[in-house]
Novice: 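There's a structure below that I have some questions on.
All heavy atoms count here, side chains included; hydrogens, waters and symmetry mates do not. Within every chain, numbering begins at 1; the chains are lettered A, B, ... in the order of the sequence lines, protein sequences first and strands thereafter.
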Amino acid sequence: MAVSTTPPLRRRNAMTSRQIASQDEDYARWYNDIVQKADLADYSPVRGSMIIKPYGYELWENIQGGLDRRFKATGHKNAYFPLFIPMSFIEKESKHIEGFAPELAVVTHGGGKELEEPLVVRPTSETVIGHAFSKWIHSYRDLPLLINQWANVVRWEMRTRLFLRTMEFLWQEGHTAHATEEDAIEETMRMLDVYVDFAINEAAIPVIKTRKSESERFAGAIETYSIEAMMGNKWALQSGTSHYLGQNFAKAFDIMYTDESNERQYCYTTSWGVSTRMVGAIVMAHGDDRGLRLPPRLAPIQVVVVPIYRDEEQHDLVMNAVLDICDPLITVGMRVHIDDREGLTPGFKFNDWEMRGVPVRMEVGPRDVENNSVMLVRRDQEGKAAKQSASRDNLIQTVSRLLNDIHREMLAQATAFRNGNIRLVDTYDALKEAVTDSWALAYHCGQPACDATVKEDTKASSRGFPLDKNETWSPDGEKCVVCGKQALGMAYFSRAY
RNA sequence: CGGGGCGUAGCGCAGUAGGCUAGCGCGCUGCGUUUGGGACGCAGAGGUCGCCGGUUCGAGUCCGGCCGCCCCGACCA
């Protein structure tokens, strides 16, 4: 019988769970405290890069699982392309090189000798994959070609933050090639919707789909779409992107096919990605002053069991009951961890696991054993409301309902918070005021100059034109609140990570 | 790269008119008592005081240089 599906913590952690800054007092510090004290990540000896610790990596693995299932379900296959990219590849697409040049890490030496051609450590893989696609695609029958890869990438960042921006990070990058513009655009939007579905149904984070303005667009894309999430300090976090690349990379890398009429045509390509930044999104969208709050479907540990006993006799009684209780839960796939650490009081364990964000705590003591019950405590709520005594009968159903409830409640809380912090504005003064403590939604022309003006005046950036809202709000006759010219639609502005 | 802050035990810190064996809390190890919201006692372990150089009889403390980290900005997923 499996005692636990999660690696047991045999030792108490070196970090004390106290001493985390409050969110109000210092949000940046709160974030750093949580990430480190909940054992998600640690600093590394190399500036700007991080060590993802087992608990953080399990969270990432669950994110990977949720995304990978969805990619497979939409017909994509995984592959792996090399870390090193010839410098000349990067240079083939003019906008691409222009955008990425400042953040490239370049290998100039190998085997003790200077290389004839420097190798770029991939900042993204459009170029190597484009090169491969040009060899693989011959006929319209080869299309669409739907590939994803899980990989690390490197971007030389000036300023880094754990998970949110590190010089090396993990992500998935999808790359697809299509016969027509329509097909490629459809793919771009489909994968954006996959990200939305993942964010809402796995991470319990409400996200807004946007089309990016020109200045926020991916280097080399025709259009960039994103999902934007609101963090606990009301800043925005771009949590996933999907790019329609048109024929830009097809032309740079000769990605061509022969159509039904035996004509040679350039493909239309897309790319889309979600990174370990999603971990940061989860921390900041849900966390509170007691620590992490992990969405149940991604949490490495969904249920932590804290046995309570006074002496050896009770210990045996309780532990036997605990194993009996957990076995069926584990069998149906719940991620259960039994905290059997000796010498720690239950109270310490309660706080410890709350800090680590475990959605459900199950307390089992002599009284519960006698009553054929357990005490369930949910992390998404506080005080008495969070606790309920539950019968051991039907426990699988009780716990799985509770996990679903918690997911729904966390999504509802995050949605209410976000909706309560968006302000519709119709003048530039109102926009400037709004972005000091919320998101602003305003008619916007989408010009880089206006984005830059807003950035300079307020530190807030253009987050994009929300797709859903602009279906109903016609920009006809509406003016950009910044420059007064014809608006393209409503756009969000806010401080962002 | 500019502005601010900080480097003393795993973590948080104290210690500087230059002085003797470098300290406190938490954590860690052992034993015992404890255990339904962060237990307690006793006994222990743990340090090139970020690095290099200088001043001095003597430097964690003073001087010079360097390195690193965090926060705020300019760039970005």
Novice: Taking the C1' atom in each of B:C31 and B:A22, what is the distance between them to the nearest angstrom?
Specialist: 29 Å
Novice: Which residues satisfy the side chain to side chain donor-acceptor pair (under 3.5 Å) test with A:E216, sequence neighbours excluded?
Specialist: none
Novice: Quote, to the nearest angstrom, the P distance that separates B:C20 from B:U61.
Specialist: 13 Å
Novice: What interatomic distance, in whole Å, is found between P of B:C11 and the corresponding atom of B:G47?
Specialist: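 Their P atoms lie roughly 14 Å apart.
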Novice: Give the rounded distance in Å between these two atoms: CD of A:E98 and C1' of B:C75.
Specialist: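 Distance check: A:E98 CD to B:C75 C1' gives 14 Å.
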Novice: Taking pairing as Watson-Crick or G-U wobble with both contacts under 3.5 Å, can you name the mate of B:C11, or confirm there isn't one?
Specialist: B:G25
Novice: What integer distance in Å separates A:D339:CG from B:G36:C1'?
Specialist: 15 Å
Novice: Can you pull out the residues from residues 446-454 of chain A that lie within a 4.0 Å heavy-atom distance of RNA chain B?
Specialist: none
Novice: Name all residues meeting the ring pair (Phe, Tyr, Trp, His ring centres under 6.0 Å) criterion together with A:W156; count only those two or more places apart in sequence or in a different chain, and write none if there are none.
Specialist: none
Novice: What is the distance from CG of A:L162 to C1' of B:C70, rounded to the nearest Å?
Specialist: 10 Å
Novice: Are the ring centres of A:F218 and A:Y244 closer than 6.0 Å?
Specialist: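 No; A:Y244 has its ring centre 6.0 Å or more from that of A:F218.
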Novice: In plain terms, say whether A:K53 and A:D42 are close enough for a salt bridge, that is, a side-chain N and a carboxylate O under 4.0 Å apart.
Specialist: no
Novice: In the strands shown, is B:G64 matched to any nucleotide by a Watson-Crick or G-U wobble pair with both distances under 3.5 Å, and which?
Specialist: B:C52
Novice: Applying the Watson-Crick and G-U wobble criteria at under 3.5 Å, what pairs with B:G73? Answer none if nothing qualifies.
Specialist: B:C1
Novice: Do NZ/NE/NH1/NH2 and the carboxylate oxygens of A:R211 and A:E223 come within less than 4.0 Å?
Specialist: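 The answer is yes: the pair qualifies as a salt bridge.
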Novice: Please give the distance between the P atoms of B:A14 and B:G25 as a whole number of Å.
Specialist: 16 Å
Novice: What integer distance in Å separates A:L344:CG from B:G37:P?
Specialist: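 Going from A:L344 (CG) to B:G37 (P), I get 15 Å.
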Novice: If we take the P atom in both B:G36 and B:A45, what is their distance in whole Å?
Specialist: 32 Å
Novice: Suppose you measure atom C1' in B:A59 against the same atom in B:U48; what distance do you get, rounded to whole Å?
Specialist: 15 Å
Novice: With a 4.0 Å limit, can you tell me whether A:R367 has a side-chain N or O closer than that to the phosphate oxygens OP1/OP2 of B:G36?
Specialist: no
Novice: Under 4.0 Å between a side-chain N/O of A:T345 and OP1 or OP2 of B:A39, yes or no?
Specialist: yes
Novice: When you check the phosphate oxygens OP1 and OP2 of B:G73, does a side-chain N or O of A:R495 lie under 4.0 Å from one of them?
Specialist: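 Checking B:G73 against A:R495, a side-chain N or O does come within under 4.0 Å of OP1 or OP2.
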Novice: Quantified in whole Å, what is the C1' atom distance between nucleotide B:C49 and nucleotide B:A9?
Specialist: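 10 Å, rounded to whole Å.
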Novice: Return the 5'-most residue of the pair A:D368, A:F163 with respect to RNA chain B, ranking by each residue's nearest nucleotide.
Specialist: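 Per heavy-atom nearest nucleotide, the more 5' residue is A:D368.
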Novice: Does B:A39 pair with anything, Watson-Crick or G-U wobble, both distances under 3.5 Å, and if so, with which nucleotide?
Specialist: B:U33
Novice: Identify the nucleotide, in any strand shown, that forms a Watson-Crick or G-U wobble pair with B:G58, with both distances under 3.5 Å; if there is none, say none.
Specialist: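 Pairing partner: none.
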Novice: Between A:F133 and A:H175, is the gap from one ring center to the other below 6.0 Å?
Specialist: no
Novice: Please classify the nucleic acid contact of A:T224 as base, sugar-phosphate, or nothing, using heavy-atom distances under 4.0 Å.
Specialist: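 The answer is nothing, as A:T224 stays clear of every strand by at least 4.0 Å.
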Novice: Say you pick atom P in B:C67 and the same atom in B:C51; how far apart are they, in whole Å?
Specialist: 15 Å
Novice: Between B:C67 atom P and A:Y43 atom OH, what is the distance in whole Å?
Specialist: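 Distance, rounded to whole Å: 21 Å.
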Novice: Nearest whole angstrom, please: distance from the P of B:A74 to the CH2 of A:W156.
Specialist: 22 Å
